[in-house]
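These notes concern the structure reproduced below.
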Amino acid sequence: MTPVVDSYAVIGNPIAHSRSPWLHAAFAQQTQQAIRYDRCLLPTDGFAQGLSQLRDNGLMGCNVTVPFKGDAFALAQWHSPAALLAQACNTLWWDGQTLKADNTDGVGLVRDITYNAGVQLSGQRILIVGAGGAAAGIVGPLIAAGCGHIHMANRTAHKAHDIIERHQLMAGQHGCTLSASALDALHVPPSQHETPAAKLSSFDVIINASAASLGGQRIALPSALVHSRTLAIDLMYGPSSRVFLDWANAQGCATRDGLGMLVEQAAQSFFIWRGVMPSTAGVLAQLRAMVDAPCD
Ligand code: ATR
C-alpha cells in the first residue's frame, strides 16, 4: 500500500521552469519529512476555482508565484503582518477551515544578504528599483533588518509612493526613513533634490526588483548611485539577472542574483508548513551548480 503523504504544490502560470519542487524535495529528504510537492499550472483567471479543487484533493498548503500572488492575498482569510504590508503572498496553508497567507520573499532576501553574503543591513542605504509585487514584498523585512534609509524608484512613480506610504508607520517604529520617486528622478543631480530624505546620493545596496530585463531592457542608472562597496542584487537568476548585474559589475559593485533568496524563501515556507527549518547552505550550493551547468 502506498503511504499517505502530505501534499503541497507551487501554483503559477507559467510554472514549468519552477525550481520549487526540487527545493522542497531536498528539504524533505534532509529533515525526513514525508511530503509530496507538485507543480500546478492554472489558467490566469482560474486561481480561486483551481485552488478549491486542489484543496478537495487533499492539498495542505502551496507556494504561489506569478501572476497569482495578488489573487492569493485576496482569497486568504488570515494574513501575516508581512503579507498585509506587501498585499501579496507566496505561501498559503489551511489551519482547519481557515486559509492563511504569508509572504516569505522578503525574509528570504534578508537572510540571503546577511547570512549567505555576510553583509550587515543595519543603518544601510537601500535603493529598490521597481514597485510591483516583488518590490512590495521586500520593504517590510528590510525595515525590520535595521536599514537606515530605503528609496523606491519606479517607472510609474505613484506605485512606488503607494508602497512606501503603507510602510511609513513600521519604518518610524524602526528608525528607518523612506522615500519614493520616478525612475527618471534618479538622474537628477543630488544638489537639485527638494527634500533631504530624498537625496539620491550613493547607496550601499541596490536591488533590481523590476521586470525590465525580462523584456531584454536594461535599467539605466547613473554611476553616481554606487560607491566602492555597493552590493547590487537582482531578484531574478539565470540570464535575466545578467542584464542588470553586468552593468553593476562594470561599475565595480559586488553582485548577487536571486538564487539565494529563492532558496531562503522556500526554506521559510517549509518551516511554516512543517515546523522544522531546513539548513540551506548545501541546497543552495547544489542548486547553483545545476543552474550554472552548461546546457547540452
Ligand atoms: P513582479 O511581481 O515580478 O514584481 P509586476 O508586479 O508586474 O511583477 O511588476 C513589474 C515591475 O517592473 C514594475 O515595477 C514595472 O514598472 P511599472 O510599475 O512602471 O509597470 C517594472 N518594469 C517592467 N518593465 C520595465 C521597464 N522596461 N523599465 C522599467 N521598469 C519596468
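Read the numbers this way: they start at 1 and go in the same order the structure lists the ligands and their atoms. No experiment lies behind these values; they were computed from the predicted model shown. Just so it is clear, the values below take in all heavy atoms, side chains as well, and ignore hydrogens, waters and symmetry mates.
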Is it the side chain, the backbone, both or neither of Thr156 that has a heavy atom closer than 4.0 Å to ligand 1? both

Applying a 4.0 Å heavy-atom criterion (strictly less than), which segment of Ile219 is in contact with ligand 1: side chain, backbone, both, or neither? side chain

As an exercise, identify every atom of ligand 1 less than 4.0 angstrom from a heavy atom of [X].
{"X": "Lys159", "answer": "17 (P), 18 (O), 20 (O)"}
{"X": "Ala131", "answer": "14 (O)"}
{"X": "Gly130", "answer": "14 (O)"}

Are any of the N or O atoms of Gly133 closer than 3.5 Å to those of ligand 1?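 Yes; the residue has a nitrogen or oxygen that sits under 3.5 Å from a nitrogen or oxygen of the ligand.
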
Do any nitrogen or oxygen atoms of Asn154 lie less than 3.5 angstrom from nitrogen or oxygen atoms of ligand 1?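 Yes; the residue has a nitrogen or oxygen that sits under 3.5 Å from a nitrogen or oxygen of the ligand.
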
To check your reading of the model: name the closest protein heavy atom to atom 28 (N) of ligand 1, its residue, and the distance in Å.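 Checked against all protein heavy atoms, atom 28 (N) of ligand 1 sits closest to Ala212 CB, 3.7 Å.
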
Of all the non-hydrogen atoms in the protein, which one sits nearest to atom 12 (O) of ligand 1, and at what distance?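 It is Ala211 N, 2.8 Å.
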
Does ligand 1 have an atom that lies less than 4.0 angstrom from a heavy atom of Gly215?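 Distance cut 4.0 Å: Gly215 fails for ligand 1.
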
Linking I/L/V/M/F/W/Y whenever their side-chain heavy atoms sit closer than 4.5 Å, directly or via other members, would Phe27 and Leu59 fall into one cluster?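 Result: no, two separate clusters.
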
Shortest reach to [atom] by a heavy atom, considering only [options]:
{"atom": "atom 9 (O) of ligand 1", "options": "Gly132, Gly70, Ala209, Ala157", "result": "Gly132"}
{"atom": "atom 4 (O) of ligand 1", "options": "Ala134, Ala136, Ala135, Ser210", "result": "Ala134"}
{"atom": "atom 23 (C) of ligand 1", "options": "Arg155, Met152, Gln217", "result": "Arg155"}

Ion pair check, [X] and [Y], cut-off under 4.0 Å:
{"X": "Asp95", "Y": "Lys100", "result": "yes"}
{"X": "Lys69", "Y": "Asp105", "result": "yes"}
{"X": "Arg256", "Y": "Asp234", "result": "no"}

Verify whether the ring centers belonging to Tyr37 and Tyr8 lie closer than 6.0 Å.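 So the answer is no for these two rings.
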
In Å, rounded to the nearest 0.5 Å, how long is the span from CG of Leu186 to NE2 of His151?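 Separation between the atoms: 5.5 Å.
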
Separation between CD1 of Ile164 and OG of Ser179, rounded to the nearest 0.5 Å: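 Between atom CD1 of Ile164 and atom OG of Ser179 there are 7.0 Å.
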
If we count only non-hydrogen protein atoms and require a distance under 4.0 Å, does atom 2 (O) of ligand 1 qualify as touching the protein? yes

